[in-house]
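Here's the structure, in structure tokens; my notes come after.
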Amino acid sequence: MEKENSSTVTEFILLGLSENPEQKSPLSALFLTIYLVTVLGNSLILSLIFMTPELQTPMYFFLGNLSFVDSSFISVTVPLMVAHLLMEKKSISFQGCMTQLFFFFLTATMECLVLAIMAYDRLIAISNPLRYLSIINRRTCLCLMGSSWVLSSLHSTLHTSIISSLDYCGANKINEHFCDLPPLVALSCSSTTGYDILVLTEGSFVAMSPFIFVVISYFHILKTILNIHSSSRRYQAFSTCSSHLTSVGLYFGAIFFNYFYPSSSGSESEERPLSVIYSILTPLLNPFIYSLRNQQVKRALKKVTHQRLFHQKGM
């Protein structure tokens, strides 16, 4: 059933965020800084969780996985984008484009699923605190994350295999900083009606089911919080969820408008900021909106820092 690909296109041109030569150096410096801060910030969170026994709980296990996914997510797109800003050549081979698309889908889907899992974790912690550790045990954590990686891999394989089998007959300029689904479908000279239906069905299910699950979870969380009589306990319970809601709104909102909102002609440049929000800014902001505002993480950071300083003085 595999259709032979008769494309004449062997490479794609990534136009990037700007074609103004005067903006390339400042943009490359900006996004290189963003990339380094993102990787270092998420690596710091992972290190703290690994080194601090107090943070080795289900909540921080999921947060550590989110940090790993965020670092991987931004690494799929930004290094190549920075390289293209510094070089005249902006091309990527057909195989390289499909490889980037696969890992982009993989990490983007994982981001959706981890956010949903974290909402489930908060739901159990707030609505059923006495049974929290018996429900969200080590086996449950591993099963949730393992099944998420499997589902993300299958979803990514499905879409990448279909996109790579389409014909590309001449036009090869992608008005983006990475190989993304909408511009690749637009460039194809094959009929994409069937694939458009797949995106609106399977794609919508995979992307929006986690979002709907998050909304339902927070509806029950809100009901539970409103039934708490102590105002200080209500504030404490809500504060553990506010950062998660911020990230969910930012990430899912940009995905919805980028993939499922009908685009008008000539709106490609307007869609660039949306891809930047969920592919670059969300991984950058997550360490701050999730972890660095968290008192336990702050205490763990101070503890590790003091231990290192004491160790250095002792030497």
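Side-chain contact between Lys24 and His84: absent, with no pair of heavy atoms (C-beta onward) separated by less than 4.5 Å. Using a 4.5 Å cut-off on side-chain heavy atoms (C-beta onward), Cys169 and Leu187 make no contact. For the pair Phe105 and His155, the minimum side-chain heavy-atom distance is below 4.5 Å. Two residues are said to be in side-chain contact when any heavy atoms from C-beta on lie closer than 4.5 Å; Ser148 and Met110 meet this criterion. At least one side-chain heavy atom of Ser247 sits less than 4.5 Å from a side-chain heavy atom of Leu115.
Remark: the backbone N or O of Leu158 is paired with a side-chain donor or acceptor of Ser161 at under 3.5 angstrom. In terms of modelled atom types and a separation under 3.5 Å, the side chain of Asn42 and the main chain of Thr38 share a donor-acceptor contact. Here the side chain of Asp180 pairs no donor or acceptor atom with the backbone of Pro182 at under 3.5 angstrom. A distance-only check finds no donor-acceptor pair linking the side chain of Glu111 to the backbone of Val69 [under 3.5 Å]. Under the 3.5 Å distance criterion, the side-chain polar atoms of Ser67 are matched with a main-chain donor or acceptor of Leu63. In this structure, Ser188 contributes its side chain and Val185 its backbone to no donor-acceptor pair below 3.5 Å. The backbone N or O of Phe104 sits less than 3.5 Å from a side-chain atom of Thr107, completing a donor-acceptor pair. The closest donor-acceptor contact from the side chain of Ser156 to the backbone of Ser152 lies at 3.5 Å or more, if one exists at all. With hydrogens and angles ignored, the 3.5 Å screen pairs a side-chain donor or acceptor of Ser134 with a backbone N or O of Arg131. Side-chain atoms of Ser209 do not come within 3.5 Å of backbone N or O of Val206 as any donor-acceptor pair.
A donor-acceptor contact closer than 3.5 angstrom links the side chains of Asp121 and Tyr132. A donor-acceptor contact under 3.5 angstrom links the side chains of Thr140 and Asn137, judged on distance only. For Ser190 and Tyr168, the side-chain atoms include no donor-acceptor pair closer than 3.5 Å.
The disulfide bond (SG atoms under 2.5 Å apart) search around Cys112 returns none, not counting sequence neighbours.
Rounding to the nearest 0.5 angstrom, the gap separating the CD1 atom in Ile74 from the CE atom in Met81 is 8.0 Å. Taking OG1 from Thr77 and CZ from Phe31, the interatomic distance works out to 9.5 Å, rounded to the nearest 0.5 Å. For the atom pair CZ of Phe73 and CG of Leu284, the computed distance is 13.0 Å after rounding to the nearest 0.5 Å. With values rounded to the nearest 0.5 angstrom, Leu85 atom CG is found 6.0 Å from Leu27 atom CG. In this structure, Thr201 OG1 and Asp196 CG are separated by 10.5 Å, a value rounded to the nearest 0.5 Å. The distance from atom CG of Leu184 to atom SG of Cys97, rounded to the nearest 0.5 Å, is 4.5 Å.
Cluster annotation: Ile92 is connected to Leu166 through the hydrophobic network of ILVMFWY side chains, with a link wherever side-chain heavy atoms come within less than 4.5 Å. Ile216 is not connected to Phe252 by any chain of hydrophobic side-chain contacts under 4.5 Å among Ile, Leu, Val, Met, Phe, Trp and Tyr, and they are in different clusters. Under the 4.5 Å side-chain heavy-atom criterion for grouping Ile, Leu, Val, Met, Phe, Trp and Tyr, Leu32 is connected to Leu285 within one hydrophobic cluster. Note: the hydrophobic cluster containing Leu113 does not contain Tyr218 (ILVMFWY, side chain heavy atoms under 4.5 Å, direct or indirect links). Criterion: ILVMFWY side-chain heavy atoms under 4.5 Å apart, direct or through other members. Under it, Leu66 and Leu142 are part of a common hydrophobic cluster.
Of the candidates Ile13, Val9, Leu14, Glu11 forms a side-chain contact (heavy atoms from CB on, under 4.5 Å) with just one, namely Ile13.
Minimum interatomic distance between Leu181 and Ile163 (heavy atoms only, all atoms of both residues): CD1-CD1, 3.5 Å. Here the closest non-hydrogen pair linking Pro283 and Ile280 is CD-O, 3.3 Å. Of all non-hydrogen atoms in Pro79 and Ser75, the two that sit nearest each other are CD-O, 3.4 Å. The two atoms that bring His177 and Ser279 nearest to each other are NE2-OG, 3.6 Å, heavy atoms only. When all heavy atoms of Ile135 and Asn128 are compared, the closest pair comes out as CD1-ND2, 3.9 Å. Nearest approach of Gly64 to Leu46, heavy atoms of both residues: O-CD2, 3.1 Å.
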Exercise. Do Ser153 and Leu106 pass the side chain to side chain contact (heavy atoms under 4.5 Å, CB included) test, and can you show the C-alpha distance, the side-chain angles, and the key distance before you say yes or no?
Worked result: CA-CA 6 Å; Ser153 299; Leu106 177 66; 3.5 Å; yes
For this session: I would like to know whether Tyr251 and Asn286 meet side chain to side chain contact (heavy atoms under 4.5 Å, CB included); could you show each step before the answer?
Result: CA-CA 10 Å; Tyr251 184 74; Asn286 275 344; over 6 Å; no
For this session: Could you check Ile221 against Arg122 for side chain to side chain contact (heavy atoms under 4.5 Å, CB included), going step by step and ending with a plain yes or no?
Result: CA-CA 8 Å; Ile221 288 172; Arg122 291 298 84 207; 4.1 Å; yes
Exercise. Are Thr10 and Ser93 close enough, and set up right, to give a side chain to side chain contact (heavy atoms under 4.5 Å, CB included), and what steps lead you there?
Worked result: CA-CA 6 Å; Thr10 59; Ser93 68; over 6 Å; no
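Residue-environment remark: CZ (Phe102) exceeds the threshold of 12 foreign heavy atoms within 6.0 Å. Counting non-hydrogen atoms of other residues, nucleotides and ligands closer than 6.0 Å to CZ of Phe68 gives a total of 12 or fewer.
The aromatic rings of Tyr120 and Phe213 are tilted relative to each other, their planes meeting at an angle between 30° and 60°.
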Under 3.5 Å, which donor-acceptor pairs link side chains of residues 49-56 to any protein atom two or more places apart or in another chain?
| from | atom 1 | to | atom 2 | distance (Å) |
| --- | --- | --- | --- | --- |
| Thr52 | OG1 | Leu48 | O | 2.8 |
| Gln56 | NE2 | Phe50 | O | 2.9 |

